[in-house]
Visitor: 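This structure is in structure tokens; I'll ask about it shortly.
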Amino acid sequence: MAALETGRHRLPLLAVSQAQKEITHNEALVMIDALLHMAVEAASSAIPAVTDNDIGKSWIINGTPSGAWASKAGQIACWIGGSWRFVVPHEGMRVWNKSTRRQSHFISGQWTTAPSIPNPTGGTAVDSEARAALVAILQYFRLLGILAT
């Protein structure tokens, strides 16, 4: 029989007559803790040096990871103390990226972060710099679904 889990985040569900239900329940709580108001430390392909002080911290796995993160590119690694838990992102998922101080969004199978858009520095007349800034803002709003494409 396949393991019982929720459809969206694959949280473990209790089974009738299951022994040691506290293990399944605790695993679900660990994942809820990681997912609720999710914030990641950074995006990285290198496994950070972690200690018990880092329990609860998460990273977006990018590039070509190795070791415990091998074949997990695009997923979110959550350090729970002693081991990693991995979250498979779904379309539209958002996380706060502490290193960039911006939101990262999972769109079309990849993590996207809002572009840095410089303030226009030109004169009072319409110029290409101002137009480029406005185009970048509009493109990002369309990417997020705030504006229609």
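Numbering starts at 1 and runs along the sequence shown. Computed over heavy atoms, backbone and side chain alike; hydrogens, waters and symmetry mates excluded. In this text the structure is predicted, and so the values were computed from the model without any measurement.
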Visitor: Does the side chain of Val50 reach to within under 4.5 Å of the side chain of Trp84, using non-hydrogen atoms?
Guide: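 With C-beta onward as the side chain, the pair touches.
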
Visitor: Would you call Trp111 and Ile76 a side-chain contact if the rule is heavy atoms closer than 4.5 Å?
Guide: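 Yes, close enough: below the 4.5 Å cut-off.
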
Visitor: Using every non-hydrogen atom in the two residues, find where Cys78 and Val87 come nearest and quote the distance to one decimal.
Guide: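 Looks like SG-CG2, 4.0 Å.
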
Visitor: What are the two closest non-hydrogen atoms of Phe106 and Pro89, and how far apart are they?
Guide: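 Scanning both residues completely, I find the closest heavy atoms to be CE1-CG, 3.5 Å.
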
Visitor: Looking at every heavy atom in both Thr112 and Leu143, which two are closest together, and how far apart are they?
Guide: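 Heavy atoms only, the tightest pair is CG2-CD2, 3.5 Å.
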
Visitor: Treat each ILVMFWY residue as a node, draw an edge where side-chain heavy atoms are under 4.5 Å apart, and state whether Ile61 and Met38 are in one component.
Guide: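 Ile61 and Met38: separate clusters.
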
Visitor: In the structure I gave you, are the side-chain heavy atoms of Ser44 and Ile60 within less than 4.5 Å of one another anywhere?
Guide: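 Ser44 vs Ile60: side chains apart.
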
Visitor: Using a 3.5 Å distance criterion without hydrogens, assess whether the side chain of Trp79 forms a donor-acceptor pair with backbone atoms of Thr51.
Guide: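 Yes, Trp79 side chain to Thr51 backbone: donor-acceptor pair under 3.5 Å.
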
Visitor: What pair of heavy atoms forms the shortest contact from Ala43 to Asn62, and how long is it?
Guide: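 Between these two residues, the closest heavy atoms are CB-ND2, 3.5 Å.
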
Visitor: Measure across Gly63 and Ala73 and return the closest heavy-atom pair with its distance rounded to 0.1 Å.
Guide: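 Looking at all heavy atoms of both residues, the closest pair is O-CB, 3.7 Å.
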
Visitor: Group every Ile, Leu, Val, Met, Phe, Trp and Tyr by side-chain heavy-atom contacts under 4.5 Å, then state whether Tyr140 and Ile137 land in the same group.
Guide: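 Linked, Tyr140 and Ile137 end up in one cluster.
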
Visitor: Would you call the rings of Trp69 and Trp59 parallel, tilted or perpendicular, taking 30° and 60° as the class edges?
Guide: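 Aromatic pair Trp69/Trp59 classed tilted.
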
Visitor: Have Ser104 and Thr113 got a donor and an acceptor in their side chains that come within less than 3.5 Å?
Guide: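 Their side chains do contain a donor-acceptor pair, which is all the 3.5 Å distance test asks for.
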
Visitor: Answer yes or no: is there a side-chain heavy-atom contact under 4.5 Å between Leu134 and Arg131?
Guide: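 Side-chain contact under 4.5 Å: no.
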
Visitor: Anything under 3.5 Å between a donor and an acceptor, one on a side chain of residues 91-98, the other on a protein residue two or more places apart or in another chain? List them.
Guide:
{"unit_1": "Glu91", "atom_1": "OE1", "unit_2": "Ser108", "atom_2": "N", "d": "2.9"}
{"unit_1": "Glu91", "atom_1": "OE2", "unit_2": "Ser108", "atom_2": "N", "d": "3.1"}
{"unit_1": "Asn97", "atom_1": "OD1", "unit_2": "Ser99", "atom_2": "N", "d": "3.0"}
{"unit_1": "Asn97", "atom_1": "OD1", "unit_2": "Ser99", "atom_2": "OG", "d": "2.8"}
{"unit_1": "Asn97", "atom_1": "OD1", "unit_2": "Thr100", "atom_2": "N", "d": "3.4"}
{"unit_1": "Lys98", "atom_1": "NZ", "unit_2": "Glu41", "atom_2": "OE2", "d": "2.9"}

